[in-house]
2 protein chains.
Amino acid sequence: MLTIGNLAKRTGTKVQTIRYYEQVGLMPEPGRTDGGQRRYGDAELDRLSFIRHARQLGFSLDAIRELLDLSDHPARSCEEADAIARRQLKQVKQRMARLELLRVELERMIEECSGGQAADCRVLEVLRDHAECLTDHEGIGT
Amino acid sequence: MLTIGNLAKRTGTKVQTIRYYEQVGLMPEPGRTDGGQRRYGDAELDRLSFIRHARQLGFSLDAIRELLDLSDHPARSCEEADAIARRQLKQVKQRMARLELLRVELERMIEECSGGQAADCRVLEVLRDHAECLTDHEGIGT
DNA sequence: CTAAAACCTCGAGCCACTGGAGGTTCAACC
DNA sequence: GGTTGAACCTCCAGTGGCTCGAGGTTTTAG
Ligand SMILES: [Zn+2]
Ligand SMILES: [Zn+2]
Ligand SMILES: [Zn+2]
Ligand SMILES: [Zn+2]
C-alpha cells in the first residue's frame, strides 16, 4: 500500500496533482486509513503512470480519459485510440510549423539589429510594422 | 476617433480583449464620450497593433510591457529589447525541440499499430510503458 | 421618435495545475 | 507510552490570456 507521497515519488507527480486528478475523475477515489489518509495499490500506480506518460506526450486530460477508457475495455476496437493519437500528431505538426515561422522572424530581427538606441532598434521596428515580416503569422502565441 | 468596435476590427482583436489589455495596464485608459463609451485615437491604434503583432510572435504580455516601454523611450539602449527577443527565440527553439521528440514517438506508435482490439493496440501499449519509447520526454505537454 | 446595433460593467469559466493556510494523522525513536 | 516532526488532510486562491454571458445603457440610422 502506497501513501500519496510515495505514489507521487514513484510517478514523478506532485501530491496536489494526484488529488487534482481524483477531483476531475481521472483517478479513482482510493481507499483510506481510519484517519482518512489515501492509500493506493498497484492498479492506481499503473493508471497514474499511464496518465503521466500520456501527458508527457502532450495528450489533453480529455483525450487521456478516453484512452484510459479504451485501455480498460480490451475487447473494443482500437480505432478510436489511433484516431486520438493521429489528432495529437496533427496538432504537434501544426505547432511545429507555426513555431518555425516564429523562429525565422525572430532570428532575422535579432540578427539585423546592430544595437544602439531604442529609436533604431530593429526588433522594435519590426514589432511596430508587420510589413517588415517575411511571413504571415495567423493565430497567436505558440 | 475610433469606437472600441472599430479599433477591434482594424487590429483583428476582440472587443473584450482590448478591455482586458486596459485592465492589466497594457493599454491606457482612453477618453470617453459623455455617455461613458471609449474612444480611441491613432496612438492607441499603433499601440494595440504593436501588442497584437508581438503576441503573434509569441511574446508574453510581460515581455510586451517592457518592449512597449522601450519603444516609448527612444533614447534608451536597445540592449534590453534585444535580450527579450533572444530569450523568446531560445524558448521557441526549446519548444520545437521538444515537439520534435513528441512527433517521432507519436508517428512511431501510430505506424506500428495494425488495428484490431484495444488489447493489442500499439498506441495504448506505448502509453502504458515508457520503456517502449526511444526518447525521454522530460517536462510535460507542449 | 423608435428600433437595433453597439456599448457598458461585473462575474465566471477555460486548462492543468500549483501554492498556501490552518489543522490532523502517522511513524519512528526514546 | 509519549513526543516529535514529517507527511497528510480540506478548502480556497492564483496562474495566462483571454472568452463568454447576463443584464443594462448609449449611440445612430431611418
Ligand atoms: Zn535592438
Ligand atoms: Zn509580422
Ligand atoms: Zn491501435
Ligand atoms: Zn515515453
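Just so you know, these numbers come straight off a predicted model, no measurement behind them. A, B, ... follow the sequence lines: proteins, then strands. Residue 1 opens every chain.
One finds no side-chain N or O of A:Lys14 lying less than 4.0 angstrom from the OP1 or OP2 phosphate oxygen of C:dA16. Applying the 4.0 Å criterion to OP1 and OP2 of D:dT27, one finds that B:Thr33 has a side-chain N or O inside that range. Within the 4.0 Å cut-off from OP1 or OP2 of C:dA16, not a single side-chain nitrogen or oxygen of A:Thr17 is found. Contact between the side-chain N/O atoms of A:Tyr21 and the OP1/OP2 oxygens of C:dA16 is not found at any separation under 4.0 Å. Under 4.0 angstrom from either OP1 or OP2 of C:dC26 there lies no side-chain N or O belonging to A:Thr3.
At a threshold of 4.0 angstrom between heavy atoms, the contacts of B:Arg19 include nucleobase atoms, whether or not backbone atoms are also involved. B:Arg38 comes within contact range of the sugar-phosphate backbone alone, with a heavy-atom separation under 4.0 Å but no base atom that close. A:Arg65 comes within 4.0 angstrom of no nucleic acid atom, judged by non-hydrogen atoms across all strands. Residue A:Phe59 is out of contact with every strand shown, counting any heavy-atom pair closer than 4.0 Å.
The nearest whole Å value for the distance from the CD atom in A:Gln23 to the C1' atom in C:dT18 is 13 Å. The CD1 atom of A:Ile18 sits 14 Å away from the C1' atom of C:dT18 (whole-angstrom rounding). To the nearest angstrom, P of C:dA6 lies 13 Å from CD1 of B:Ile4. Atom P of nucleotide D:dA7 and atom CZ of A:Arg39 are separated by 13 Å, given to the nearest angstrom. Distance B:Tyr40 OH to C:dC8 C1': 12 Å, rounded to the nearest Å. Between A:Ile51 atom CD1 and C:dC17 atom P there is a gap of 10 Å when expressed in whole angstrom units. As rounded to whole Å, 15 Å separates atom P of C:dA6 from atom CG of B:Leu7. A:Asp34 places its CG atom 17 Å from the P atom of D:dC8, with the value rounded to the nearest Å.
Judged by distance alone, the side chain of B:Asp129 and the main-chain N or O of B:Ala131 form a donor-acceptor pair under 3.5 Å. Under the 3.5 Å distance criterion, the side-chain polar atoms of B:Glu105 are matched with a main-chain donor or acceptor of B:Leu134. In this structure a side-chain-to-backbone donor-acceptor pair under 3.5 Å is missing from A:His130 to A:His137.
Linking ILVMFWY side-chain heavy atoms closer than 4.5 Å, directly or via other members, places B:Tyr21 and B:Leu45 in a single hydrophobic cluster.
Both A:Gly36 and A:Gln16 lie near DNA chain C, and the one whose nearest nucleotide falls closer to the 5' end is A:Gln16. Along DNA chain D, the nucleotide nearest to A:Arg32 and the one nearest to B:Arg55 differ in position, and the one closer to the 5' end is contacted by A:Arg32.
You'll find that the side chain of B:Gln37 is closest to C:dC7, out of C:dA16, C:dA27, C:dC7.
By the 4.5 Å heavy-atom criterion applied to side chains, A:Glu66 and A:Ile84 are counted as neighbours.
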